[in-house]
Trainee: 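Have a look at the structure that comes next, please.
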Amino acid sequence: MSSKQSNSTIRHFLQLTDLTLDELKYVLKRAQIIKNKFKRYEPHMPLYDRTLAMVFEKASTRTRVSFEAGMYQMGGSVINLTSNDSQLGRSEPIEDTARVVSRMVDIVMIRTFGQERLERFAHHSRVPVINGLTNEFHPCQILADVLTFIEKRGDIEGKVVTWIGDANNMSYTWLQAAQMLNFKLHISAPKGYQLDPARIQGIPQEFYQEFDNPLDACVGADLVTTDVWTSMGYEEENEIRRRAFADWQVDNQLMARAKPDALFMHCLPAHRGEEVTASVIDGPQSVVWDEAENRMHAQKALMEFLLLGRLDEEENA
């Protein structure tokens, strides 16, 4: 796929459901293959001479390093644009920026605020657009998290994932994953920070359950995961949230309610002593560092798929 192709052939990744179940499983399998090559120091450069543009309206260490390192490892090059560099939607309409940038690069990753901004860009782009994070969804992180679970525990189908924290972009993307991959999501958040009924309308109860008490939410969990109490853009609510979430800290007591071999994940950055204790995030059940590394491998597989499609069967060996 190149920037000369028509919009009708372009595949974007704006939320997890932009992939079919079969495609999602393919990307996860490719990520494992690509990671194994990486660990063997085996060059894998299918994106030679391709260029990734990264547009950051929200800053991130992990997103930038994982996409940039991953693209270079696959033989491509990277252009990094901050909000000051790109002025997306300020010095010119988002639509015009999309039309121009997508004529010069092969794929675009955007980390921004509202999902609507991402969708407007993608609608006018001649190349694939990837959601690096929006207020509504964080699909690349969930790709990495599911990949990590599969590595450590096998198929996630039929398992229980517990989300401790507010209804944010992570929890809503986990909910999409639960429906696609057929597992149960337990969610516990303080009153006022729970799932928006309008966003979960029509989702069968078999895929999720809300709990007032975080201890109850952890019972039987195969994975316990959380996020900071105050996401980027909500800093003015920090003290209010700190009080509201005081009983929603993932500590040893919560982890003891989960299965004995339950994993702990956190999308990072983490605040030890707030949403998670040091004994948990630095403890034996934590896989946060593998999880962080897997952002790169999952995203490499994703970019490969969006640009090249499925590779021949022999490439999957």
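Numbering of residues begins at 1 and proceeds along the displayed sequence. Keep in mind that what you see is a predicted model, and the values were worked out from it rather than measured. Reckoned from all heavy atoms, side chains included, excluding hydrogens, waters and symmetry mates.
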Trainee: Can you list everything that forms a ring pair (Phe, Tyr, Trp, His ring centres under 6.0 Å) with Y72? Sequence neighbours excluded, please.
Mentor: none
Trainee: Show, in sequence, the C-alpha distance, side-chain angles and deciding distance for L254 and N252, and conclude whether the side chain to side chain contact (heavy atoms under 4.5 Å, CB included) test is met.
Mentor: CA-CA 5 Å; L254 258 67; N252 291 331; over 6 Å; no
Trainee: What I'd like to find out is whether the side chain of M303 reaches to under 4.5 Å of the side chain of M74, using heavy atoms alone.
Mentor: yes
Trainee: Report yes if the side chains of F245 and E274 come closer than 4.5 Å at any heavy-atom pair, otherwise no.
Mentor: no
Trainee: Any side-chain heavy atom of N168 sitting closer than 4.5 Å to one from Y193?
Mentor: no
Trainee: Looking only at side chains, do T148 and E291 share a donor and an acceptor under 3.5 Å apart?
Mentor: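 There is no such pair (donor and acceptor under 3.5 Å, judged by atom type) between the side chains of T148 and E291.
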Trainee: Would you say R50 and L307 make side-chain contact, with heavy atoms under 4.5 Å?
Mentor: yes
Trainee: Could you state whether V105 and M45 fall into the same hydrophobic cluster, counting links through intermediate Ile, Leu, Val, Met, Phe, Trp or Tyr residues with side-chain heavy atoms under 4.5 angstrom apart?
Mentor: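 No, V105 does not connect to M45 through the hydrophobic network.
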Trainee: Among all residues two or more places apart in sequence or in another chain, which pass the salt bridge (Lys or Arg N to Asp or Glu O under 4.0 Å) test with D155?
Mentor: none
Trainee: Does the T173 side chain pair with the main chain of I142, one donor and one acceptor, at a distance under 3.5 Å?
Mentor: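 Side chain of T173 to backbone of I142: no pair is present.
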Trainee: To the nearest 0.5 angstrom, please state how far the CD1 atom of I164 sits from the CE atom of M255.
Mentor: 10.0 Å
Trainee: Decide salt bridge (charged side-chain N to carboxylate O under 4.0 Å, His left out) for D96 and R99; before the verdict, give the C-alpha distance in whole Å, the side-chain angles of both, and the deciding distance to 0.1 Å.
Mentor: CA-CA 5 Å; D96 289 358; R99 291 182 179 107; 2.9 Å; yes
Trainee: Distance check, rounded to the nearest 0.5 Å: L143 atom CG versus H138 atom NE2?
Mentor: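 It is 10.5 Å, given to the nearest 0.5 Å.
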Trainee: What pair of heavy atoms forms the shortest contact from A31 to A298, and how long is it?
Mentor: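 Taking A31 first and A298 second, the nearest heavy atoms are CB-CA, 3.9 Å.
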Trainee: Pair D282, T277 - check side chain to side chain contact (heavy atoms under 4.5 Å, CB included), show working.
Mentor: CA-CA 8 Å; D282 299 318; T277 60; over 6 Å; no
Trainee: Parallel, tilted or perpendicular, judged at 30° and 60°: which one describes the rings of W174 and F183?
Mentor: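 W174 vs F183 ring planes: perpendicular.
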Trainee: Does a salt bridge link E136 with R199, judged by any charged N lying under 4.0 Å from a carboxylate O?
Mentor: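 The answer is no: the pair does not qualify as a salt bridge.
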Trainee: Could you walk me through whether S102 and F121 pass the side chain to side chain contact (heavy atoms under 4.5 Å, CB included) check?
Mentor: CA-CA 10 Å; S102 66; F121 190 103; 5.5 Å; no
Trainee: T134 and side chain to side chain donor-acceptor pair (under 3.5 Å): which single residue from E57, Q115, E116 fits?
Mentor: Q115
Trainee: Give a yes or no on whether a salt bridge exists between K35 and E151, defined as a side-chain N under 4.0 angstrom from a carboxylate O.
Mentor: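 The answer is yes: the pair qualifies as a salt bridge.
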Trainee: How far does CG of D145 sit from CG of L223, to the nearest 0.5 angstrom?
Mentor: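 Rounded to the nearest 0.5 Å, the CG-CG separation comes to 7.5 Å.
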Trainee: Please identify each residue that fulfils salt bridge (Lys or Arg N to Asp or Glu O under 4.0 Å) with D222, with sequence neighbours left out.
Mentor: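 With neighbours one apart ignored, the set is K259.
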Trainee: Should V250 and W229 be counted in the same cluster of Ile, Leu, Val, Met, Phe, Trp and Tyr side chains packed under 4.5 Å apart?
Mentor: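 The answer is yes; both residues are in one hydrophobic cluster.
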Trainee: Quick check: do D227 and E275 have side-chain heavy atoms less than 4.5 Å from each other?
Mentor: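 The answer is no; the side chains never approach within 4.5 Å.
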Trainee: Is any side-chain heavy atom of K159 closer than 4.5 Å to one of R153?
Mentor: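 They are not in contact (no side-chain heavy atoms under 4.5 Å apart), so the answer is no.
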Trainee: Between the side chains of Q15 and Q176, is a donor N or O closer than 3.5 angstrom to an acceptor N or O?
Mentor: yes
Trainee: Do L175 and F13 sit in the same hydrophobic cluster, where Ile, Leu, Val, Met, Phe, Trp and Tyr count as joined when their side-chain heavy atoms come under 4.5 Å apart?
Mentor: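 Same hydrophobic cluster.
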Trainee: V161 vs I156, test: side chain to side chain contact (heavy atoms under 4.5 Å, CB included). Steps then yes/no.
Mentor: CA-CA 9 Å; V161 175; I156 199 170; 4.1 Å; yes
Trainee: Out of curiosity, R62 CZ to E293 CD, how far, rounded to the nearest 0.5 Å?
Mentor: 14.0 Å
Trainee: Are L268 and L133 linked, directly or through other ILVMFWY residues, by side chains that come within less than 4.5 angstrom of each other?
Mentor: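 Looking at the clustering, L133 is in a separate group from L268.
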Trainee: Are N182 and F207 close enough that some pair of their side-chain heavy atoms sits under 4.5 Å apart?
Mentor: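 A side-chain contact under 4.5 Å exists here.
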Trainee: Ion pair present between R295 and D290, side-chain N to carboxylate O less than 4.0 angstrom?
Mentor: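 So R295 does not pair with D290 through a salt bridge.
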Trainee: Roughly how far, to the nearest 0.5 Å, is the CG atom of L19 from the CE atom of M180?
Mentor: 6.0 Å
Trainee: Locate the shortest heavy-atom distance separating L181 from V146; write the atom from each residue and the value.
Mentor: CD1-CG1, 3.8 Å
Trainee: Run the side-chain hydrogen bond (donor to acceptor under 3.5 Å, both in side chains) test on S188 and W248 for me, step by step, so that the C-alpha distance in whole Å, both residues' side-chain angles and the decisive distance to 0.1 Å come before the verdict.
Mentor: CA-CA 8 Å; S188 183; W248 273 262; 2.9 Å; yes
Trainee: Quick one: list whatever passes ring pair (Phe, Tyr, Trp, His ring centres under 6.0 Å) with Y208, sequence neighbours left out.
Mentor: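 If we apply the ring pair (Phe, Tyr, Trp, His ring centres under 6.0 Å) test to Y208, skipping adjacent residues, there are no hits.
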Trainee: Rounded to the nearest 0.5 Å, how far does CD of Q32 lie from CG of N294?
Mentor: 9.0 Å
Trainee: Without swapping roles, check the side chain of S286 against the backbone of I281 for a donor-acceptor pair under 3.5 Å.
Mentor: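 Flag set: sc S286 to bb I281 pair under 3.5 Å.
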Trainee: Would E304 and R30 pass as an ion pair if we require N to O under 4.0 Å?
Mentor: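 Counted as a salt bridge, because a side-chain N and a carboxylate O are separated by less than 4.0 Å.
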Trainee: Using the rule that two of Ile, Leu, Val, Met, Phe, Trp, Tyr join whenever any of their side-chain heavy atoms come within less than 4.5 Å, decide whether V78 and M296 are in one cluster.
Mentor: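 No, it is not one cluster - the side chains of V78 and M296 are not joined through contacts under 4.5 Å.
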Trainee: Minimum heavy-atom separation for S171 and L185, please, with both atom names.
Mentor: O-CD2, 3.9 Å
Trainee: Would you please name every residue forming a side chain to side chain contact (heavy atoms under 4.5 Å, CB included) with Q209, sequence neighbours left out?
Mentor: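 Partners of Q209 by the side chain to side chain contact (heavy atoms under 4.5 Å, CB included) criterion, ordered by chain and then number, come out as K184, H186, F211.
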Trainee: Side chains of I110 and F56: does their closest heavy-atom pair fall under 4.5 Å?
Mentor: no
Trainee: Looking at every non-hydrogen atom in both residues, tell me the closest pair between H12 and D18 and how far apart they are.
Mentor: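 Heavy atoms only, the tightest pair is O-CB, 3.5 Å.
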Trainee: Check ring pair (Phe, Tyr, Trp, His ring centres under 6.0 Å) between H297 and all other residues, then give those that pass, not counting sequence neighbours.
Mentor: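 H297 satisfies ring pair (Phe, Tyr, Trp, His ring centres under 6.0 Å) with F38 only.
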